[in-house]
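Inspection log for the structure reproduced underneath, given as structure tokens.
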Protein chains: 2
Amino acid sequence: MGATDQTTTTPAEARGALLSRVEDRLSGLLTAEKSRWSAVDPRAAVPVEAVDALVSAGGKRLRPAFCLNGFLAAGGDPAREQVAVDAAAALEILHAYALLHDDVLDDSPLRRDEPTAHERHAAEHRAAGWAGEPRRYGEGVASLAGDLAHVYAHRLVGALSPAAREVWHDVCTEVVIGQYLDIRVAAERVADPELSRWTAICKSARYTIHRPLALGAAIAGRLDLAAPFEQYGAALGEAFQLRDDLIDAFGDSSVSGKPTGLDFAQQRMTLLVALAVQRDDRVSRLLADQNGDGAELGRLITDMGVRGEVERRIDHLVEQARSAIAEAPLSPGWRDELARVAVEVAYRQK
Amino acid sequence: MGATDQTTTTPAEARGALLSRVEDRLSGLLTAEKSRWSAVDPRAAVPVEAVDALVSAGGKRLRPAFCLNGFLAAGGDPAREQVAVDAAAALEILHAYALLHDDVLDDSPLRRDEPTAHERHAAEHRAAGWAGEPRRYGEGVASLAGDLAHVYAHRLVGALSPAAREVWHDVCTEVVIGQYLDIRVAAERVADPELSRWTAICKSARYTIHRPLALGAAIAGRLDLAAPFEQYGAALGEAFQLRDDLIDAFGDSSVSGKPTGLDFAQQRMTLLVALAVQRDDRVSRLLADQNGDGAELGRLITDMGVRGEVERRIDHLVEQARSAIAEAPLSPGWRDELARVAVEVAYRQK
């Protein structure tokens, strides 16, 4: 990309070129690690293969894209492109770690259209008649594969500046705390919309949009963009999470590639449910019901017309995100591109 | 320490002074994180508290000590002391992550004289009558606390040089692969002494001794010490692991602060068991027995006199470790100190 003439390249093309370098970086790292550990013993490569299976299965690559959006919109120096590509790759493999561990926490059977790592390895253990408990083994493999992805993520960010490193550590810490709040609130059945909002901010808004954008801008040395990117990221991040909740509640599993209806079944205090709690006391009562299976909760929320209200809130948040960057000094074409991206993320189907 | 006159300070005093700075660094970081997250919600601080509980419960601080041994024996510049202290703190908190996750993998009830994190939090869930499965919640908290410790470890090594960073990433990767091989070999009941040796090298020798020493030397800019420190670390690391196996097999739980007899009960292919396999076919058969409870295995290994043989091998390894550094250009007093440390580690009771 160093020789690319910015006047003839659209923002989407510039990002696309860097995103394909991100894919090369990821597959290069994982291929090298697979051969390194296979040489010791084929068994030693299993955790690497579990990471690779998830990374290769696709995914939206949202976090790398937002990191590169941040870098390019900030007019990042081509000499720093490799650092931005590595950081974008790090965010994607960090996401693989988060998913591997989350799927164990939630006992989720399906991810990216495939059985989850812990399910697959528990099944392998069962089929082979190995010693010990299949569940502990399967969850162990997923946990270790997640740990390995976590190490690889940190390996990829060795060249960050102190300011960019701070953003990186924030995102790493927040996703863990957000995940804990999520399982804690679900266990306690806390009906506290403010806490749910905060959990969603940690787990989704900052993790998926705000911090990746800020990381890209920090790599470009543009700390002045921290504030507008935070506003854009916070608004679009909430929209992203609300869409996630809608997809889980009302989406089509064959389109999204993951099971739907899980949030209601687990009586989770999602942003969607939090909005419903504020409107009708019956929602709180159903959430607190230890014997509820979530079906009644789903029906009530549907009947309340919360879906339409959430759609209107998403419209509003997309508008907020666009205004946040209306005056920000961005590279040519990037204001429109970030507005377009906001629409794409907020109105996605999967 | 910058003003310390090396001629009037013994190696043990110099290390002790830096080790107390490591404690301050760890407690400073964890205290700051507890207040930061408590301010959001008291629940948000729970994963930090779980990390703190383990770090504060003691432990031998072997890895920080070896990192500082490496730095000081290499004559590290006082101006780089803070980097060495941070790296030593990083190794200790990396160890907290490894223990939190290992205890889930092994379903271990006790650590550092206290119930393990997953046991404690499963019990809290049960007592409070929260929704969902206590085991999944308890293991989830331990898993997330481990993830958080892992993030903190990486946060502490931001100032490493590229050469030192490479050593750091090696130790992080090896401990995961070693841990996977451990659970895989236990599941398959593979009686392959070479694979067990390799697992022990990854999980113990390199992790506890060789890589921490090499990290300290790399921070001191002394890459010439990589080879002698590798030989010293490999020999002492194997002695360390053999002692670990002996403590598990024949030790006193009230002295070691962790349950004993677990390796036999889980029919694990430890180095001790691997040695026994090479001497008597009955050991392989007992290991392969899916219905065995390990008691017979323990009796057979005891009767075979493997314990005495392992003690002799430890003597030999300590001698090897001493020879490895006999000609290495170390700071005054450090050859003797590293020899003394080898004896301390190889003949410890817990």
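Basis for what follows: all heavy atoms, side chains included, without hydrogens, waters or symmetry-related copies. All chains are named by letter (A, B, ...) in the order of the sequence lines, taking the proteins before the strands, and each is independently numbered beginning at 1.
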| message | For B/Arg165, which atoms come within 4.5 Å of any heavy atom of chain A: side chain, backbone, both, or neither? | response | side chain
| request: Could you check which of B/Val185, B/Val157, B/Thr199, B/Asp41 has the highest count of heavy-atom pairs closer than 4.5 Å to chain A? | output: B/Asp41
| query | Between B/Asp147 and chain A, which part of the residue has a heavy atom less than 4.5 Å away: side chain, backbone, both or neither? | reply | both
| note | The interface call for A/Leu105 against chain B, heavy-atom contacts under 4.5 Å, is both
| task | Fit a plane to each ring of A/His150 and B/His154, take the angle between them on a 0 to 90° scale, and name the class: parallel (under 30°), tilted (30 to 60°) or perpendicular (over 60°). | result | tilted
| request: Mind checking the CD1-CH2 spacing from B/Ile177 to A/Trp37? Nearest 0.5 Å is all I need. | output: 5.5 Å
| Proximity breakdown for A/Leu195 and chain B, heavy-atom pairs closer than 4.5 Å | side chain
| task | Assess whether side chain to side chain contact (heavy atoms under 4.5 Å, CB included) is satisfied between A/Arg184 and B/Leu144, documenting all intermediate values. | result | CA-CA 12 Å; A/Arg184 172 70 179 263; B/Leu144 290 165; over 6 Å; no
| request: Using the side chain to side chain contact (heavy atoms under 4.5 Å, CB included) rule, take A/Arg136 and B/Glu139 through it: C-alpha gap first, then chi angles, then the decisive distance, then the call. | output: CA-CA 10 Å; A/Arg136 191 165 299 280; B/Glu139 293 182 1; 3.1 Å; yes
| request: Under 4.5 Å heavy-atom distance to chain B, tell me which part of A/Val40 shows up: side chain, backbone, both or neither. | output: side chain
| remark: Applying a strict 4.5 Å limit to non-hydrogen atoms, the region of B/Ala186 in contact with chain A is backbone
| remark: Whatever's closer than 4.5 Å to a heavy atom in chain B on A/Glu194 counts as neither
| Can you say whether B/Val104 sits under 4.5 Å from chain A via the side chain, the backbone, both, or neither, judging by heavy atoms? | both
| task | Specify which of B/Val175, B/Asp106, B/Asp107 makes the most heavy-atom pairs with chain A at under 4.5 Å. | result | B/Asp107
| said: Quick check on A/Glu166 against chain B: is it the side chain, the backbone, both or neither that has a heavy atom closer than 4.5 Å? | reply: neither
| task | Report the relative orientation of the aromatic rings in A/Tyr137 and B/Tyr180; use parallel for angles under 30°, tilted for 30 to 60°, perpendicular for over 60°. | result | tilted
| task | Please determine, among B/Val48, B/Val46, B/Val141, the option with the most heavy-atom pairs under 4.5 Å with chain A. | result | B/Val46
| message | With a 4.5 angstrom heavy-atom cut-off, is it the side chain or the backbone of A/Ala128 that approaches chain B, or both, or neither? | response | neither
